[in-house]
Amino acid sequence: MFSPAVRRPHLHRRDREEASPSPPPAGPAHSPSPRGLTVPDRPNTGTPAPWTSSSSLLARISTSKRTDRTGDSDQIQPVHVAEFPQVVRSAQTILLQKNFSGKNMLAGGIDKETSLAWMICGNELFIWSYLASVAKDCLVLDIPSSLIEYNDAKPLIGIQWTVCIMRWKSSGASTRNSGEILHRKSSTGVILCNKRTQSVAYWPDIYAEFNRSLVLSPSGGDEVSASDGAPDRFKFNSFIAAAVPGGIYECIALASDPAGALWLFQCSPEGIHRRKVQRDTLGDGDSNHSQKSNGGRSLAWLPSNVSSEASNRTFFLLTNNEVQCWSISLLHDINVKKLGSQEIVGTDGDVGIKKDIAGQKNIWLLDMQIDEHGKEFSILVATFCKDRVSGSNYTQYSLLTMLYKPNQRFSSEDNAFKVERFLEKKAPSQVIIPKARVEDEEFLFSMRLKTGGKPSGSVIILSGDGTATVAIYWRGSTRLYQFDLPWDAGKVLDASVIPSAEDRDEGAWVVLTEKAGVWAIPEKAVLVGGVEPPERSLSRKGSCNEAVAEEKRRSQVFSASVVPRRASSEAWSAGERQRPALTGIAQQAVVDEESEMLLNRLFQDFIISGGVNEALQKLRAAGAFGKEGEMNIFVRVSKSIVNTLAKHWTTTREAEFLASTIVSSLVEKQQKHEKFLQFLVLTKCHEELASKQRAAMLTIMEHGEKLSGMIQLRELQNTLIQQRSSTHLSPQSKSQSTGALWNLIQLVGEKARRNTVLLMDRDNAEVFYSRVSDIEDLFYCLSHQLQYIISREEHPSVQMQRAIELANACVALVQASLHYRQEHKEWYPSPEGLITWNSHPVVRSGIWSLASFTMELLRESGAADMSTKSSLWSQLEGLTDILLEAYICLLTAKFERGEEHGVLVQEYCERRDELLGALYNIVKQIVEAKYQESRDGMDNLDLKESIFREAISPILATAKRHEGYQTLWQICYDLDDSGLLRSLMHDSVGPHGGFSFFVFKELVNRRHYAKLLRLGEEFQEELANFLKERSDLLWLHEIFLNQFSSASETLHTYALHGSPDDSLTTSRKPLSFIERRRFLSLSKIAATAGKDIDYEVKVARIEADMRILKLQEEIVQHDPEYAQVKYTNTLFGPSELIEMCLKRDRELAIKAFEVFASTSSSFRSSNKGLLEACWMNATNQDDWVKLLQTSTSEGWSDEVIQESLQGTVLFKASELCYSLDAIVYDGTFEDVLPVKKEDVHMRGLESKCLSVEEVLMQHKDFPDAGKLMMTAVIMGKELSYAAAEPVEMDS
């Protein structure tokens, strides 16, 4: 937005200084720039533009400055991203030599979605990917003359061309450019529009190998067009396009013109159909074209991920005073419908921009952009104002941000009075330049707005004369940064955003220049190099207020916390000027930087002289030990050593030279890092770090690990290159690009370049091998972008070869790192609680992704020959080893830290079993193939077993080390080798019983009980512990060990508590009564055999339980409700059995007392109420009143009465409970319920229990037949008629 600064003498002095170092290869002499393509009013200064690719553009920058760029702390100048392809350079040269104007033009742009740059030179359209530092595979399309011809003598400037690029196979933002990085072009369509002539050309697929057809739009037809000599009001102002979902090479395009018309283009390989869908979007007819010549300014799509329906797209049209919302249906009958509009320039300042304010003369809405989320609308506004004091006119530029309200319901088109508001003002308009030069409308409407770049919230404004200005509201004010180079780079043709590698929303700004290629603007360049808005013009023209603004800038330069700079060209030599004073957090950064400088100086002195000069005391005084982790000064110096960019790497060198420089640079880094470790030891800084800052010391050592791994990786790549170059591929061009490892390196390097703009001028391989400390990015790309390295569309054998290459690289890298760790183990701090780099989640995820893909390839039958499968199997074995070791290290650290690790253990076990299982399944196929080759037509089982044992040895070792019990068991089972099994059971003693428990469990599941018990001879204690939950098997093992008493207890418990634990065996039916009796009998026999001191008590309890079991059988058989199948094997408790008896007849009433007699005294004491209920129930079984009346009326004798009472339930119950012959376990009924009331007093149980007599007294018949009832009870107890008291019957 400013005129570039006048070149100061030091720029020319730098040019002379740059000539002194070894110059790059000389290119052709530069001819003066023709006047036809020079920038109007631009100072005739700056270095010549580099037009040849043999002399790298970067070589023109001094070596000292380029080495400074390895650290990004002082980067406030643009960064070179990519040169033009050679074919573009050649076309530009031809265009300059011809010095034609009008029909020969230079235009260009960048497509944000595809990261493709395009340029028009003459009658050719060039398309290439700008992300590569050296552009390759540039596509050249011929532009038909019908698109270029124009009858008017006015030249076609660049902004009159629009190119829309569509990917037919869309992908995510993080990976949408991965195919281009690996030079795998996906199907892409291109639309070229000449906005002046309204002509459109369409290429359905520019990457088609055959039949790259071109489709042209018909002429204007019945509509008036510019090609017929019509005025400029019929040109297109804006042109957008989108692919039709589900269509084959079908897309639609929309265009708006200043007259308010809206045009639709339907493009397909068959042709382009053009129609006017809206004659007047401004809504005021054709009455006055002069007033609406600025209408239909800008078109913008609402992002497709915001729309709810894929078949419908929403777009917005910016007119001279409002934003219109439109919907287009992408079905067969494409329908365009206006949904609503919202006024931006009106009388309500809360909604948009208020007009008719004093001093305002006119308001122009210049351009509109929508962010990727479809939430924010940014509108560039220019306001023509008049200063009421001085009377001078000026233009104010501002940025209006609106928030979009989705799912808005619009009123019907017939309702002209109600206008739905779908936008709301986010904040007051941000003034970019308060007072600027008054420009003509043609310049104003040439401005374009871009959003989405870094810093967050910044925008870039492109003007028609080729300037690019970044604006951002920062620290309470607007700051502006204009892109400029020390030489004449020509106009800025377009700007875009570098796509982020992690699918983040924002990337750095990138600009396409007319002469100097593609450049990126670092975030810090905008924040530090920006200035506050002066009273300047948006064009390259000067300003009357320039001197005032310059003086103001100079007065503020030392007072601000950040030095404001007018443009990046001024900041090019910022390192030569004095640093400003810093406060707060910045002051601490200065202290850290001083400590780092001191450490670097001491280390350099050590390298030169070998002396340490009390370095430890100096570093302590400087606060070098104040921080931990990555912020530690020693870690930062170590990181700078391993991440140093070599000065002599250039992208124009041969591949062999580049390979040798990479290796030599890595070796130099390794030697320097070893020197740094020696420095730490001699200065005793190592002791300080290893004891107090263990994490920092570990990181320093890990830099050495990663460097060793990187060297091994480079050696492997060199070997692969030599193998390919010696076979069938060209050693220079195709040798690297055909390998999976090369593709992976390209992806990793590209990720680093996108995330660090300062590396955009470096080659991907150079970046990869330089950023040693970020080697984890290699595994990140394996995890997220493996599908781009190994395509599933390739032949299976090719996929396997590429997988072998990647797996070999990962294994070699990690093993080299671990070898370094082993060799330098004395240098490492104590490892307790420290997590190593190879255990990080990103590393484990990358290895697992590759291992999973490898397993999938190996499962495919007949995919490749057995030798390839064997090689891939070996690589999978290596991946398994390094992955499982990483899990072990991480689990150990988490355990030492006391952190939760249950989820991690589960993940480790699942992946371990899957990997070992896949390895074992494939090795059996390999063994079978080898056996078939070696058996010579005759069966030889010994030979097969020998081959099998040799092949499984690595799996066996890994499974033993990582407790892969399933694999160990399967190996022993298939070999039928009990000796190996017993040996592994002795060796593998882990948690939860180790391998022994696993073997026992497998034998139980397979019902191999005999084998299980035979193992118990050797593993007595282990099997006893395992069978604690398996009573049905434990007693057998105890009998074998002569532990009869324990076996008796086990059998007794098992007989009463039913089936074994379901978690250890398959489901079994409950024990039947017969089985329970058998186990109780065995328990009795075992107790008798054991003859412990209290074995008689145990036998009595067993016999009582046997009686209860027999009673249950009888009770269930007599009770139809409980005689169902589900109750025939169910063991009930004594109380349940008694409850059953209380509900039934006389016979079961007696059984209730038998159950009580077989229970323990504690059960009887705690269930007195239930026992009393049994006596009441027994009384109810006979009609005592009737018995009394009959005996009285018939005059029964005492003998007859006694004989009748012996048939009552009361008599039988008394006999069962209280007679001398009663069989009662554990005590007597007298202890719980005496017979007579006086017996209670005699025993002193008044407060504890009742008597049978007292219970019967509660019966309703007791007042009449009480004596008869008691006679029956006493008779049952005494069992002697003579002993019974005479019964006196009432007359």
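For the single chain, residues carry numbers from 1 onward in sequence order.
Legend: residues meeting ring pair (Phe, Tyr, Trp, His ring centres under 6.0 Å) with Trp873, ordered by chain and number and at least two apart, are absent. For the ring pair (Phe, Tyr, Trp, His ring centres under 6.0 Å) test, no residue two or more places apart in sequence or in another chain qualifies with His819. The ring pair (Phe, Tyr, Trp, His ring centres under 6.0 Å) check on Phe853 picks up nothing, with sequence neighbours excluded.
Annotation: cation-pi pair Lys751/Tyr780 present, NZ/CZ under 6.0 Å from the ring centroid and within 45° of its normal. Seen from the ring of Tyr973, Arg1006 counts as a face-on cation partner, given the 6.0 Å and 45° thresholds.
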Which side-chain N or O atoms in residues 904-911 pair as donor and acceptor under 3.5 Å with protein atoms at least two apart or in another chain?
{"residue": "Gln906", "atom": "NE2", "partner": "Glu910", "partner atom": "OE2", "Å": "3.2"}
{"residue": "Glu907", "atom": "OE2", "partner": "Arg844", "partner atom": "NH1", "Å": "3.3"}
{"residue": "Glu907", "atom": "OE2", "partner": "Tyr887", "partner atom": "OH", "Å": "2.3"}
{"residue": "Tyr908", "atom": "OH", "partner": "His962", "partner atom": "O", "Å": "3.4"}
{"residue": "Tyr908", "atom": "OH", "partner": "His962", "partner atom": "ND1", "Å": "3.1"}
{"residue": "Arg911", "atom": "NH1", "partner": "Tyr887", "partner atom": "OH", "Å": "2.8"}

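Considering every non-hydrogen atom in both Glu794 and Gln799, the closest pair reads O-NE2, 2.7 Å. In this structure, Ala851 and Leu915 approach most closely via the heavy-atom pair CB-CD2, 3.9 Å. Minimum heavy-atom separation, Val637 to Ser640: O-OG, 2.6 Å. Taking both residues in full, the closest heavy atoms of Asn838 and Val843 are given as O-CG1, 3.6 Å, listed atom of the first, atom of the second, then distance. Residues Leu879 and Ala807 come closest through the heavy atom pair CD1-CB, 3.7 Å. In terms of heavy-atom proximity, Leu806 sits nearest to Ala740 at CD2-O, 3.6 Å.
Counting heavy atoms from C-beta outward, Ser817 and Ser708 have side chains that stay 4.5 Å or more apart. Here the side chains of Leu980 and Leu968 are not in contact, with every heavy-atom distance at 4.5 Å or above. The closest side-chain heavy-atom distance from Met866 to Lys930 is not below 4.5 Å. Lys894 places none of its side-chain heavy atoms less than 4.5 Å from the side chain of Glu900.
Applying the salt bridge (charged side-chain N to carboxylate O under 4.0 Å, His left out) rule to pairs touching residues 693-703 yields nothing, sequence neighbours excluded. For residues 807-820, the set of pairs meeting the salt bridge (charged side-chain N to carboxylate O under 4.0 Å, His left out) definition, not counting sequence neighbours, is empty.
Ring planes of Phe634 and Phe676: tilted class, angle from 30 to 60°. Taking the six-membered ring where the residue is Trp, His703 and His673 present perpendicular rings, their angle passing 60° and hence far from 30°. The aromatic rings of His686 and Trp827 stand perpendicular to each other, their planes meeting at an angle above 60°, with 30° marking the opposite boundary. Using cut-offs of 30° and 60° on the angle between ring planes, the pair Phe948 and Tyr920 is perpendicular. Aromatic ring orientation, His901 versus Phe895: perpendicular (interplanar angle above 60°, classes split at 30° and 60°). Classified by interplanar angle (parallel below 30°, tilted 30° to 60°, perpendicular above 60°), the ring pair His986/Phe1019 is tilted.
Note: Leu666 CG to Gln712 CD = 12.0 Å, rounded to the nearest 0.5 Å. Atom-to-atom distance recorded for Met710:CE and Ser665:OG is 11.0 Å, nearest 0.5 angstrom. The CG atom of Leu919 sits 4.5 Å away from the OG1 atom of Thr880 when rounded to the nearest 0.5 Å. Between Lys1011 atom NZ and Leu1015 atom CG the span is 9.5 Å, to the nearest 0.5 Å. Between atom CZ of residue Arg912 and atom CD of residue Glu914 there is a gap of 12.5 Å, rounded to the nearest 0.5 Å.
Remark: the backbone N or O of Ser770 is paired with a side-chain donor or acceptor of Lys669 at under 3.5 angstrom. Listed for the Thr892 side chain is a donor-acceptor partner under 3.5 Å among the backbone atoms of Ile888. Judged by distance alone, the side chain of Ser791 and the main-chain N or O of Gln787 form no donor-acceptor pair under 3.5 Å. The backbone N or O of Val767 sits nowhere less than 3.5 Å from a side-chain atom of Arg753 that would complete a donor-acceptor pair. Distance alone, capped at 3.5 Å, places no donor-acceptor pair between the Asn808 side chain and the Ile804 backbone. Judged purely by atom type and a 3.5 angstrom limit, Lys706 has no side-chain atom pairing as donor or acceptor with the backbone of Val772. The backbone N or O of Leu943 lies less than 3.5 Å from no partner atom in the side chain of Ser946, so there is not a single donor-acceptor pair. A donor-acceptor pair under 3.5 Å is absent between the side-chain atoms of Ser845 and the main chain of Pro841, judged by distance alone. Panel note: side chain Arg802, backbone Ile789; a donor-acceptor pair is recorded below 3.5 Å. Counting only distance, with no hydrogens or angles, the side chain of Ser783 and the backbone of Gly846 share no donor-acceptor pair below 3.5 Å.
The ring of Tyr820 has its center closer than 6.0 angstrom to the ring center of His824. Aromatic ring centroids of His840 and Phe779 lie 6.0 Å or more apart.
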